[in-house]
Amino acid sequence: MPELPEVETMRRGIAAIQGGRIERIERVRCRRKPIRIEPVIATIRRRVIREQIASVDRRGKRVVVRLASDDRLVFEPRMTGLILLAYPPTHEHLRLRIELSGTRESQLLYWDRRGLGNVRLLSAEQFEEQLGPSRLGIDALEVTRNVLRDQLSASQREIKVALLDQRAIAGIGNLYASEILFVARVHPQKRCGRITRTQWQRIADATLHVLNEAIHYEGSTLGDGTYRNALNQRGQYQNHHRVYNRAGLQCTVCGNDSIRRIVQAQRSTFFCVACQAE
DNA sequence: CCCCAGTCCTGCGGGC
DNA sequence: TGCCCGCAGGACTGGG
């Protein structure tokens, strides 16, 4: 379930392909399994082959490889996508291989078990249109109390559901929304309109704290073990979760058996009924 | 504006 | 032991 910390870990893992020793894209190979890709592969090849890689960035839950031409190759892993330099978990689900020239041979792989993710080549204009500020909110690592308040306080939605809205804030998904609200001590069903200034401040602080902590541990590799970094190694943040997947277990803060699971917008939410009374 | 259910997909684990 | 079904949830869509 790549969210911001997992996607950022992938981005850092492949960042060595930018500039420097890596010269350019030499080949693009589609593997056996179909891939959601746009435009068609022939057009992608025509536009990327022999292009240099200018930078490797991230926009919310997407990795953005910017080429010297200013076209952008956007990887959106969704549930089970991985962006790798090597060691795909299975050969079967390898979807795309981009061969790069350089002093050392290099490659970029896109692997996706379920295939819900996608890869798109966008012009600078298309990128602005489809992934610009009108479609995708400010990056979650940049939030402040005032950004949260401006974006969400007019909403009557429950805060946990609102945090998942990528048009407001980009990068928070189901797992980190629960973790953030626990650290902020705000009840996940609290309506946005009823959240106080102090609570917005705590949510902003908790967002930065939790996401940076998760990046430090290279993200969360959950039960099915799908998520991996760019070298197919597991993340470790699952060992530091405070509430996610911990229903019925002891709260790390108050010590009570007060962690519950509820469903909001058809998704699991975990929280401590004692620590997040409001 | 918001909410909800359905869609895309695969693999897993529970229940019988 | 095998089969079916529900579940996981990111982003999007269509209907209310």
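Values below: every heavy atom of this structure, side chains too, minus hydrogens, waters and symmetry copies. Proteins come first, then strands; the chains are lettered A, B, ... in the order of their sequence lines, and each starts at number 1.
- Look at A:H93 and you won't find any side-chain N or O under 4.0 angstrom from OP1 or OP2 of B:dC9.
- Screening A:F270, A:Y237, A:F271 against A:Y244 for a ring pair (Phe, Tyr, Trp, His ring centres under 6.0 Å) leaves a single residue, A:F270.
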**Message:** Could you spell out the base pairing of DNA chain C as a dot-bracket line? Use Watson-Crick and G-U wobble contacts where both distances are under 3.5 Å, [ ] for crossing pairs, | for partners on a different strand.
**Reply:** .|||||||.|||||||

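- For C:dA8, the OP1/OP2 oxygens have a side-chain nitrogen or oxygen of A:R261 closer than 4.0 Å.
- The pair A:D165-A:R157 meets the salt-bridge criterion, since a charged nitrogen lies less than 4.0 angstrom from a carboxylate oxygen.
- Taking every side-chain heavy atom of A:S155 into account, B:dC2 is the closest of C:dG9, B:dT10, B:dC2.
- As rounded to whole Å, 9 Å separates atom P of C:dC12 from atom CG of A:N118.
- Listed nucleotides: B:dC9, C:dG10, B:dG6. Nearest to the side chain of A:Q266: B:dG6.
- Taking a cutoff of 4.0 Å between a charged side-chain nitrogen and a carboxylate oxygen, A:D112 and A:R78 do not qualify as a salt bridge.
- Within the nucleic acid shown, A:R167 has no heavy atom closer than 4.0 Å to any nucleic acid atom.
- Of the inter-residue distances, the one linking A:W200 atom CH2 with A:I159 atom CD1 reads 4.0 Å to the nearest 0.5 angstrom.
- Here C:dA11 is the nucleotide among B:dC2, C:dA11, B:dC8 with the atom lying nearest to any side-chain atom of A:R78.
- Atom P of B:dC1 sits at a distance of 22 Å from the matching atom of C:dG10, rounded to the whole Å.
- Counting to the nearest Å, the P atom of C:dG10 and the CG atom of A:L136 are 14 Å from each other.
- In this structure, of C:dG9, C:dA11, B:dC2, it is C:dG9 that holds the atom nearest to the side chain of A:M79.
- At a threshold of 4.0 angstrom between heavy atoms, the contacts of A:G173 are confined to the sugar-phosphate backbone, with no base atom among them.
- Side-chain proximity of A:Y244 to the nucleotides C:dA11, B:dC3, C:dG9 is greatest for C:dG9.
- Atom CE in A:M10 sits about 13 Å away from atom P in C:dG10, given to the nearest Å.
- Between the P atom of C:dG9 and the CZ atom of A:F270 lies a distance of 7 Å, rounded to the nearest Å.
- Nearest-nucleotide mapping onto DNA chain C: of A:L116 and A:R120, the residue sitting toward the 5' end is A:L116.
- Of the candidate nucleotides C:dG9, B:dC2, B:dG11, C:dG9 has the atom lying nearest to any side-chain atom of A:R114.
- OP1 or OP2 of B:dC9 lies within a sub-4.0 Å distance of a side-chain N or O belonging to A:R36.
- Separation of atoms CD (A:E179) and NE2 (A:H209) is listed at 10.5 Å; rounding is to 0.5 Å.
- A:E92 has its CD atom 11 Å from the C1' atom of B:dG11, to the nearest Å.
- Looking at heavy-atom distances under 4.0 Å, A:T80 makes no contact with the nucleic acid at all.
- Using atom P as the reference point in both C:dG2 and B:dC9, the two lie 29 Å apart (nearest Å).
- Rounded to a whole Å, the CG atom of A:N245 is 9 Å from the P atom of C:dA8.
- With no hydrogens or angles considered, a side-chain donor-acceptor pair links A:Y176 and A:E6 at under 3.5 Å.
- A cation-pi contact, defined as under 6.0 Å to the ring centre and within 45° of the axis, is absent between A:R242 and A:F182.
- To the nearest whole angstrom, the two P atoms, one in C:dA11 and one in B:dG11, are 22 Å apart.
- Looking only at atom types and distance, the side chain of A:T9 has no donor-acceptor partner in the side chain of A:E218 under 3.5 Å away.
- Distance from the side chain of A:Q166 is smallest to C:dA11 among C:dG10, B:dT10, C:dA11.
- Rounded to whole Å, the P atom of C:dC3 lies 25 Å from the corresponding atom of B:dC8.
- In this structure, A:R58 places its CZ atom 16 Å from C1' of C:dG10, rounding to the nearest Å.
- Atom CG of A:L96 is separated from atom CG of A:L84 by 11.5 Å, given to the nearest 0.5 angstrom.
- Counting to the nearest Å, the P atom of C:dC12 and the CG atom of A:D165 are 11 Å from each other.
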